[in-house]
There are 2 protein chains.
Amino acid sequence: MEVINNFREIVVEKPADKIIKQIKQLISSGQLQPGDKLPPERQLCEKLGVGRSYVRDAIRKLEFYGIVKTLPQSGTVVAGLGITALEGLITDVLMLEGHDFQSLIETRLILEKQTVRLAAMRRTADDLIDLEKALDAYRAKVENGKQGIDEDLMFHIRIAEASKNSVLKSLMLIVTPDILTHFTEQNVCGGGKPYGALEEHMTILKHIQDQDPDKAELAMSAHLKGISSFKNA
Amino acid sequence: MEVINNFREIVVEKPADKIIKQIKQLISSGQLQPGDKLPPERQLCEKLGVGRSYVRDAIRKLEFYGIVKTLPQSGTVVAGLGITALEGLITDVLMLEGHDFQSLIETRLILEKQTVRLAAMRRTADDLIDLEKALDAYRAKVENGKQGIDEDLMFHIRIAEASKNSVLKSLMLIVTPDILTHFTEQNVCGGGKPYGALEEHMTILKHIQDQDPDKAELAMSAHLKGISSFKNA
DNA sequence: AACCAGTAATTGGTTAACCAATATTAAGCA
DNA sequence: TGCTTAATATTGGTTAACCAATTACTGGTT
């Protein structure tokens, strides 16, 4: 074990984050209830001893999460169903950070399997055209010896679009790139066997064409097996 | 049909959103590639004819999505795997808005079913204690004639925690409250039959105790049936 | 006493100026 | 010629001041 590994990553706690914690504290302690107006920005920044920009940043972020709603020239009110606020912020400030890799992969497997099922059931003729285009783009990259990560991912996204479930698509867009950031060396699908992955893509597409959800799901499972077996590495 | 229904909700396109669109355009058109530094804030705000705050807001939002990374006193660089940027922003600015209700419900069904499976397999003794506490809290509300929406939701969240999959839990936290906002009158689980929902909760808990994933999933399906049959209303 | 109009204070929205850290350039030295 | 170093320009960070819309208040009227 090298000494270097004993260093922890430095966490730069930005001012906005500290303010968010304080506001969260106010909400979770019940001093601020849904519907309440929270103190005006000027008062807050004076009380906290920081510039108003920071307070505004904090409020923006909270608004982003749907915890507060700010009405121009009027005030900012607590909107949330308490739980979202608390739980969403318990994982600290960013919701999607700090997830363990295994959960990420497991979740992707779930999402992809269900998505491809729906896609097989609901795909239209236009969807098939888009899928073929995406597959061709990926094939072109592979035949040029490239990894084609973007094209690979795009194929999966097209499947999500064919599923006609906009939420599932959004969730996949949240989860999948997160995997890539941890896993950049690898391509989206499997371990360094581009041609194998290409064939698997073709198999999946075929089952979608045939509108066979069960086979499509199985093919997707097999396709993602490479990545999920990697989880213990 | 009342005339009032012909009005569309007014969409206030905030300045930051317009700027985001322009930057998105730059990225998707390839003028800005991953790794490139984008123009300094002053230059941008001058070019766009707005204050620097707006430009900063836009950059913050993009950073939020993981599309750019801003280095203090140095510059802002495009970080993304292009696709996230494009697709994530195609649903306009906010990722979670504009979803159709049916997709939302369908997705929740998927997430809850898979989550309860994992929970049944992985739950610890401590998890069971938490689940019982949550159930008791819900029971107390119901017996007082209340809806107990928060307690209801909390039971489901505890299940997600027992699944030991942090990503699934986060996704459920994203999806479920969104349903509630469209569906406030109803409680989380079913249609106005609090005692029935309570019994169903007990059944689910029992199967989790028994570590029987299949029965747990079935019970959850039955439990959520009320809501999913509502989808055509 | 209740209500309305007009004014003053307060609100978030927006802009401009200032600051410290960084990157760049140019000059000086070996 | 190549490297070091100092001066300068540029960057995002931060604060303070200004603006227009809203709200609260006061005084007068009915």
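Letters A, B, ... are given to chains in the order of the sequence lines, protein chains preceding strands, and every chain is numbered from 1.
Checking side-chain atoms of A/Arg122 against main-chain N and O of A/Ser163 turns up a donor-acceptor pair under 3.5 Å. Although no hydrogens or angles enter the test, the distance criterion places a donor-acceptor pair under 3.5 Å between the side chain of B/Asn165 and the main chain of B/Val167.
Ion pairing of B/Arg139 with B/Asp136 is present here, as a side-chain N (NZ or NE/NH1/NH2) and a carboxylate O approach within less than 4.0 Å. Using a 4.0 Å cut-off between charged side-chain N and carboxylate O, B/Asp57 and A/Arg60 make a salt bridge.
To the nearest 0.5 Å, atom CD1 of residue B/Ile23 and atom CD1 of residue B/Ile59 are 5.5 Å apart.
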When you compare the protein's N or O atoms with those of nucleotides 11-13 of chain C, which come within less than 3.5 Å of each other, and at what distance?
unit_1 : atom_1 : unit_2  : atom_2 : d
C/dG12 : OP2    : A/Glu41 : N      : 3.0
C/dG12 : O4'    : A/Gln73 : N      : 3.3
C/dG12 : N7     : A/Arg42 : NH1    : 2.8
C/dG12 : O6     : A/Arg42 : NH2    : 2.6
C/dG12 : N2     : A/Gln73 : NE2    : 2.9
C/dG12 : N3     : A/Gln73 : NE2    : 3.0
C/dG13 : OP2    : A/Arg56 : NH2    : 2.1
C/dG13 : O5'    : A/Arg56 : NH2    : 3.4
C/dG13 : N7     : A/Arg52 : NH2    : 3.4
C/dG13 : O6     : A/Arg52 : NH2    : 2.3

